[in-house]
Amino acid sequence: MQFLIFTLAVVSPVFAHHIYPRAVTRSFTGAPYPTGPGFDVPPLSEITQSSAPEPTVPLPATFPPGTTPIALGRGAVGLPDLTNFDSSIYPELDKVPPVDSPQVKQWLKELEGHTIPDLAPTKDGTCESDPEFAAQAGPDGRCWWTCGGCVRETDVEGCPDRERWGLTFDDGPSDHTPKLLTYLQSIDTLATFFLVGSRVVSRPDIVQTQLLLNHELSVHTWSHSKPLTSLTTAQVVAELGWTRQAIKDVTGVTPLTFRAPFGDYDDRIRAIAHAMNLTPIIWSRVNAPNGTPLTVDTEDFQVPAGQQSASDSINQFRNTLAIVEGDDNVTSGIISLEHDLFQETVDLAIGETLPNALSRPGPDERGWTLGTVAQCRNIRAGDSYAETTTNATVLALLGRPLSPGTPPDVATGVSTALPTPPNPGVGVGVGPGPRPPPGPPGQPTRATPPGQVSQPTASVQPSASGVRPSADLSVTPPSQQTLTQEQSQPSENSDLQSASSSSPTTTTTTTTTPSTDTPPVINPVQQPTATPPQPLQAINQPEPQQEIGAPLDVNSNAPSSATSLPGASSRPEQPSTTTTITVGNDGADNGLSFGLRNAALSKASIYHSPVILIFVILTRLV
């Protein structure tokens with residue numbers, strides 16, 4: 001009997017580890033996410049194409065001209081003054097820029113000395129319209145990602161570490177981006193934003209805040225109106241060049257990375273980007289157990305397009321993550337695709353995708369580490385921009401010597417020549433599927449059906465109040481918040497959170513820490529009246545694991561009204577406070593409601609494993 005008890009004592013933790021993955025505990029130092037009009041996230045059933053317009057919210061912080069993004073390191077300059085910023089000097093918004101301008105002619109000179117493959121433009125960037133080109137889409141042909149998912153070694157499509165997650169948002173900035181930035185700040189998480197040039201010059205203040213909050217900025221073309229493979233070489237240069245210039249004019253830095261709209265790359269587009277010193281970044285691909293190729297795409301844009309319900313979008317993405325976490329053959333981290341263009345996509349990110357990502361066990365059950373693409377690739381933030389990079393290869397392409405005594409980091413720019421094609425079948429996955437909408441900066445349009453390309457509309461300058469009605473929010477001092485808070489000691493702040501696997505439940509601790517530096521200018525409308533968080537209403541549906549099944553009905557027990565997220569933002573000089581919230585990874589939580597769960601769950605979790613239960617019984621008998 002004693003031998004049996006000893007054996008169970010040894011093997012029980014092993015069995016329990018595989019049967020019931022360990023939970024993930026995280027502590028955040030950012031200001032708690034506010035509640036109130038504009039900040040609250042509606043239940044899934046109300047996130048639809050016809051969602052009621054929400055009030056817009058202010059940026060979490062603004063920064064005066066001259067503020068330096070210190071995180072970028074040597075070469076960083078102060079923010080440009082936007083007082084006299086003139087967006088009229090740029091091309092027409094949401095249109096492919098003309099190619100006869102002095103700027104485009106100058107950028108075309110960057111292609112001199114580079115070999116640009118003589119590949120004819122596609123008709124409209126779709127496989128159906130160009131069956132001949134689609135047949136040549138593999139690595140031995142034009143390597144056209146849209147038709148088969150072909151990638152080259154110069155394409156960034158994952159992270160070196162298995163549990164790293166490159167978080168990316170496309171098509172902004174929009175009037176809904178401040179809400180997303182506020183939430184990301186509350187969970188101490190950075191992201192890479194692929195910016196549309198037309199929207200950069202329409203909302204330059206948002207882009208400045210993104211940079212100063214240490215998010216990564218990248219190029220996503222000027223107009224987002226047509227697939228790049230359907231454009232001439234000069235038009236591609238104009239699309240990339242004007243966006244690069246707009247970001248430079250607004251922030252003082254020039255991105256060294258880009259993403260093609262719809263993921264529409266071929267070897268001609270790669271060569272043009274290489275000549276302009278832009279590294280292509282795509283979202284990751286995985287294979288289902290049955291061999292079906294999948295992309296790590298939330299497909300969130302299909303919700304405002306009316307092509308998919310919010311619950312279906314969430315479940316297909318959870319299925320994909322479960323496959324990644326359950327496949328021991330997956331050795332790389334992932335880069336995901338989301339959008340900050342629409343109210344619905346931002347609500348899905350804040351209410352579901354990000355909370356679920358933070359609570360998931362990850363491939364090795366240590367929890368995912370979310371961050372920018374640069375972070376997931378273990379690259380310093382400054383190497384994402386021409387002015388602050390220390391990469392020797394990039395500096396050589398820019399014609400700048402490496403600063404004495406500064407060791408070069410891992411390459412962040414493209415190599416000096418396109419690599420030879422990989423072995424047949426390597427790098428071939430799935431195409432992008434339905435495309436996100438281009439959407440004008442002042443009035444975003446809805447996504448178009450699969451296979452169609454949205455036509456650009458007349459330029460619309462954003463109004464003072466944006467496309468959504470502004471919120472008339474009252475300011476409540478942190479000391480008067482109705483949210484229950486507990487005084488605590490400040491905790492150490494870090495860009496990327498460490499994950500602990502010792503807790504039987506997933507508990508998120510949010511801590512605000514006084515700042516010793518000069519605080520940024522915080523917008524006066526920052527803290528709407530907070531309401532006490534409501535208890536979670538559990539959804540009795542298990543989360544899919546490792547195989548694709550029927551979509552879960554995550555709305556089966558969804559609350560009938562919007563559920564407020566706990567916490568309210570606080571100014572940097574306020575005393576340290578701690579708000580503990582609990583989220584789960586077992587499919588029983590509604591990710592849209594961060595309410596407190598029954599504490600008894602954590603106490604009872606040890607008895608979930610039959611092996612451990614037997615061990616306890618035998619121990620008591622002896």
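Residue indices begin at 1 and follow the sequence shown.
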Option from F194, F193, W283 for which ring pair (Phe, Tyr, Trp, His ring centres under 6.0 Å) with F169 holds: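 When ring pair (Phe, Tyr, Trp, His ring centres under 6.0 Å) is applied between F169 and each of F194, F193, W283, only F193 qualifies.
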Side chain to side chain contact (heavy atoms under 4.5 Å, CB included) evaluation trace for Q375 with L190: CA-CA 9 Å; Q375 286 177 322; L190 303 179; 3.6 Å; yes
Atom pair CD (Q302) and CD (Q316), whose distance is rounded to the nearest 0.5 Å: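 One finds 8.0 Å between CD of Q302 and CD of Q316.
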Interatomic distance, H220 atom NE2 to T192 atom OG1 [nearest 0.5 angstrom]: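 That separation rounds to 13.0 Å.
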Lys/Arg-Asp/Glu bridge criterion (N-O < 4.0 Å) met for R318, E352: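 Result for this pair is yes, salt bridge flagged.
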Carboxylate-amine/guanidinium contact D347 K179, below 4.0 Å: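 Looking at K179 together with D347, the answer is yes, because their closest N to O distance falls below 4.0 Å.
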Q208: side-chain contact (heavy atoms from CB on, under 4.5 Å) partners, not counting sequence neighbours: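 Q208: side-chain contact (heavy atoms from CB on, under 4.5 Å) contacts with L79, P80, L82, V250.
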With T254 via side-chain contact (heavy atoms from CB on, under 4.5 Å) - residues at least two apart: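 T254 satisfies side-chain contact (heavy atoms from CB on, under 4.5 Å) with R244, K248, A386, E387 once adjacent residues are dropped.
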Looking only at non-hydrogen atoms, find the nearest pair between [X] and [Y] and report the distance.
X: V77; Y: G252; result: CG2-O, 3.8 Å
X: H176; Y: F342; result: CD2-C, 3.6 Å
X: L211; Y: T251; result: CD2-CB, 3.7 Å

Aromatic ring proximity H224/F262, centre distance under 6.0 Å: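 Judged by ring-centre distance (under 6.0 Å), H224 and F262 do meet the cut-off.
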